[in-house]
Amino acid sequence: LVVGPADRSGVKGAHPSVLESSLAVGPRGGSGTPVVVVALDGNPVESHGHRAADEALVEVAQRVQSVGGIGPQDWDTAGRWGESSIIVLPPAGPGPPAKDWARTLQAALLAVHTPSGYTASASIAVVDAAPGTSLQVLVQALRDTIDRARDDGPAGIAYCDTGPPARPLA
């Protein structure tokens, strides 16, 4: 995963064009395209500075790579998203569903210790983007879902299915 300090300004690795092309390809072994965001809880940049937040995010990235035997070769795209998050696109084909993997990862994110002494936790959002979901809708769903996960407490977890547009009842 690419999580270095130079990547704070936006998505690195999981570039918006990669997200758009994944959405365009459509379902990946399920009803939609799963997208996972792992975000540090609280506001570590304001409370502890960029260095501590960067260290915590590097530790989170290592846990993302190691939990459940899922290595970087098993993910299509993973990278930093903003100042304190990682975004991951699970691979197409067989393997653990994103929700199951997220539940396994959840316990590993309760206490993330950094070399500078900062201890953080991280929450998880899993969004199953329906075929045809726009990047704008996906990003909003990710933001809303990570907010719900953080509301659940340290190392919270939340799910969202963008689903097909609602049809009026006949």
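Small disclaimer: the values here were computed from a predicted structure and weren't measured. In what follows, every heavy atom counts, from backbone to side chain, and hydrogens, waters and symmetry copies are set aside.
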Enquirer: Show the nearest heavy-atom pair for residues Thr145 and Ala125, with the distance to one decimal.
Expert: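 Where Thr145 meets Ala125 most closely, the heavy atoms are CG2-CB, 3.6 Å.
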Enquirer: Begin with the C-alpha distance, continue with both residues' side-chain angles, and end with the deciding distance and a verdict on side chain to side chain contact (heavy atoms under 4.5 Å, CB included) for Arg63 and Val112.
Expert: CA-CA 9 Å; Arg63 292 176 190 204; Val112 177; 3.8 Å; yes
Enquirer: What are the two closest heavy atoms between Arg150 and Ser84, and how far apart are they?
Expert: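 Nearest pair, atom of Arg150 first, then Ser84: NH2-OG, 4.2 Å.
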Enquirer: With Arg103, which residues qualify under salt bridge (charged side-chain N to carboxylate O under 4.0 Å, His left out), at least two apart?
Expert: Asp100
Enquirer: Grab the two heavy atoms, one from Ala122 and one from Val60, that are nearest each other, plus how far apart they are.
Expert: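 Looking at all heavy atoms of both residues, the closest pair is CB-CG2, 4.1 Å.
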Enquirer: What heavy-atom pair brings Val126 and Ala102 nearest, and what distance separates the two atoms?
Expert: CG2-CB, 3.6 Å
Enquirer: So, are Arg80 and Asp54 salt-bridged, with charged N and O less than 4.0 Å apart?
Expert: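 Judged by the 4.0 Å cut-off on N to carboxylate O distance, Arg80 and Asp54 do form a salt bridge.
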Enquirer: Please say which of His113, His50, His48 ends up in a ring pair (Phe, Tyr, Trp, His ring centres under 6.0 Å) with Tyr118.
Expert: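 Only one option passes, and that is His48.
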Enquirer: My understanding is that only residues two or more places apart in sequence, or in another chain, count here; which of them pass salt bridge (charged side-chain N to carboxylate O under 4.0 Å, His left out) with Arg143?
Expert: none
Enquirer: Assess the residue pair Leu109 and Val64 against the criterion (side chain to side chain contact (heavy atoms under 4.5 Å, CB included)); give the C-alpha distance rounded to whole Å, side-chain angles, the decisive distance to 0.1 Å, and a yes or no.
Expert: CA-CA 9 Å; Leu109 298 176; Val64 165; 5.6 Å; no
Enquirer: Looking at every heavy atom in both Leu40 and Pro44, which two are closest together, and how far apart are they?
Expert: CD1-CG, 3.7 Å
Enquirer: Between Arg148 and Ala158, what is the shortest heavy-atom contact and its length?
Expert: NH1-CB, 3.8 Å
Enquirer: Only counting residues at least two apart or in another chain, list the ones meeting side-chain contact (heavy atoms from CB on, under 4.5 Å) with Ser47.
Expert: none
Enquirer: Check whether Val35 and Val137 end up in the same hydrophobic cluster, where Ile, Leu, Val, Met, Phe, Trp and Tyr are linked by side-chain heavy atoms less than 4.5 Å apart.
Expert: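 No, Val35 does not connect to Val137 through the hydrophobic network.
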Enquirer: Nearest 0.5 Å, what's the CD1-CD1 distance between Ile124 and Ile157?
Expert: 4.5 Å
